[in-house]
Chemist: 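Handing you this structure, nothing more for now.
Whatever order the structure lists ligands and atoms in, that order sets their numbers, starting from 1. Given the structure is predicted, the values throughout are model-derived calculations rather than measurements.
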Amino acid sequence: MQEKKINSKPIGIFDSGFGGLTVMAAITKLMPKENLIYFGDTAHVPYGTKSKKIVTDFSEKISKFLVANDVKMIVIACNTASAFSLDYLKKIINVPIIGVIKAGSVLSAKITKNKKIGVIGTEGTVKSSAYENEIKKYDKTIKCFSKACPLFVPLVEEGWQDGKITQDIIKVYLKDLINKKIDTIILGCTHYPLLKKTIRKVIGKNINIVDSASAVALQVEELLKEKDMLKKNGKGKYKFFVSDGPEKFKAIGNKFLGNKISKVTKKSL
Ligand code: DGL
């Protein structure tokens, strides 16, 4: 089948660091033919503790870099950047752009039975109420309970995904949500899917865990299908850019993506 020129253009994905590779992994699994460009803003990570203004400035620079690299759409893989800057970026960027908040919100609103949803994320994401606002658009009667879990990101970065200490920390953070009798919890941060098994141990098997990465991949596929921009032939090629520490990114990133990263280019913005 003849490929239209736009279809073989890459999808741009960005995050504050390597956490967004969870979203990239979900996209490559669902759409292995797509070309992708990933940008990790490793010089400025973490975004979760920074102001809306500064995160939006970083996000704008990265989006413009991706557009200059001829992407056909942009996925903001970072929850904090999605919460703070999606609305603004939609106004100034001339390719379709989506964040990670909507997909996880819609999915959890669909599956909750008792209409009590817990949202965990960075300080920035929780303060923004972005998940809650999105869920309320879908169903006003749903009650959301949010909790910032600032220690989760460094735990994952250290590779402490399981073990007693991590389990105890998760217990402390999630105690209030469990007491509220939530039946669904949204992992509203790029790093949290890596803690999923340990979170499951702590919360038991009766609470649904919504990991927005796979929900976002489905949303990307839907959008590309709708615009007739899906790449139909060949295997996808991947390019990686970071604003600092390409070697470290490559080492950690390969654990995430199963050795798919051969080259990482440093790019200061
Ligand atoms: N990527 C961020 C998020 O999903 C987590 C790491 C950070 O704070 O930058 O919110």
Chemist: Assess the side chains of N79 and T125: does a donor N or O sit below 3.5 Å from an acceptor N or O?
Modeler: no
Chemist: Please tabulate, line by line, the atom pairs linking an N/O of ligand 1 to a protein N/O at a distance below 3.5 Å, with the distance in Å to 0.1, or answer 'none'.
Modeler:
{"residue": "ligand 1", "atom": "1 (N)", "partner": "D15", "partner atom": "OD1", "Å": "2.8"}
{"residue": "ligand 1", "atom": "1 (N)", "partner": "S16", "partner atom": "OG", "Å": "3.2"}
{"residue": "ligand 1", "atom": "1 (N)", "partner": "T190", "partner atom": "OG1", "Å": "2.9"}
{"residue": "ligand 1", "atom": "4 (O)", "partner": "N79", "partner atom": "N", "Å": "3.0"}
{"residue": "ligand 1", "atom": "4 (O)", "partner": "N79", "partner atom": "ND2", "Å": "3.2"}
{"residue": "ligand 1", "atom": "4 (O)", "partner": "T190", "partner atom": "N", "Å": "3.0"}
{"residue": "ligand 1", "atom": "4 (O)", "partner": "T190", "partner atom": "OG1", "Å": "3.2"}
{"residue": "ligand 1", "atom": "8 (O)", "partner": "Y47", "partner atom": "N", "Å": "3.3"}
{"residue": "ligand 1", "atom": "8 (O)", "partner": "G48", "partner atom": "N", "Å": "2.8"}
{"residue": "ligand 1", "atom": "9 (O)", "partner": "S16", "partner atom": "OG", "Å": "2.6"}
{"residue": "ligand 1", "atom": "9 (O)", "partner": "Y47", "partner atom": "N", "Å": "2.7"}
{"residue": "ligand 1", "atom": "10 (O)", "partner": "T80", "partner atom": "N", "Å": "3.1"}
{"residue": "ligand 1", "atom": "10 (O)", "partner": "T80", "partner atom": "OG1", "Å": "2.6"}

Chemist: Other members of the hydrophobic cluster containing V106, with the 4.5 Å side-chain heavy-atom rule, please.
Modeler: Y138
Chemist: Could you tell me if the ring centre of F65 sits under 6.0 Å from that of F241?
Modeler: yes
Chemist: Enumerate, atom names and distances included, each donor-acceptor pair closer than 3.5 Å involving a side-chain atom of residues 39-47, sequence neighbours excluded.
Modeler:
{"residue": "D41", "atom": "OD1", "partner": "H44", "partner atom": "ND1", "Å": "2.9"}
{"residue": "D41", "atom": "OD1", "partner": "S243", "partner atom": "OG", "Å": "2.6"}
{"residue": "D41", "atom": "OD2", "partner": "H44", "partner atom": "ND1", "Å": "3.0"}
{"residue": "D41", "atom": "OD2", "partner": "Y47", "partner atom": "OH", "Å": "2.5"}
{"residue": "T42", "atom": "OG1", "partner": "S243", "partner atom": "N", "Å": "3.4"}
{"residue": "T42", "atom": "OG1", "partner": "D244", "partner atom": "N", "Å": "2.9"}
{"residue": "T42", "atom": "OG1", "partner": "D244", "partner atom": "O", "Å": "2.5"}

Chemist: Between D211 (side chain only) and P193 (backbone N and O only), is there a donor and an acceptor less than 3.5 Å apart?
Modeler: no
Chemist: By side chain to side chain contact (heavy atoms under 4.5 Å, CB included), which residues pair with N133, not counting sequence neighbours?
Modeler: S129
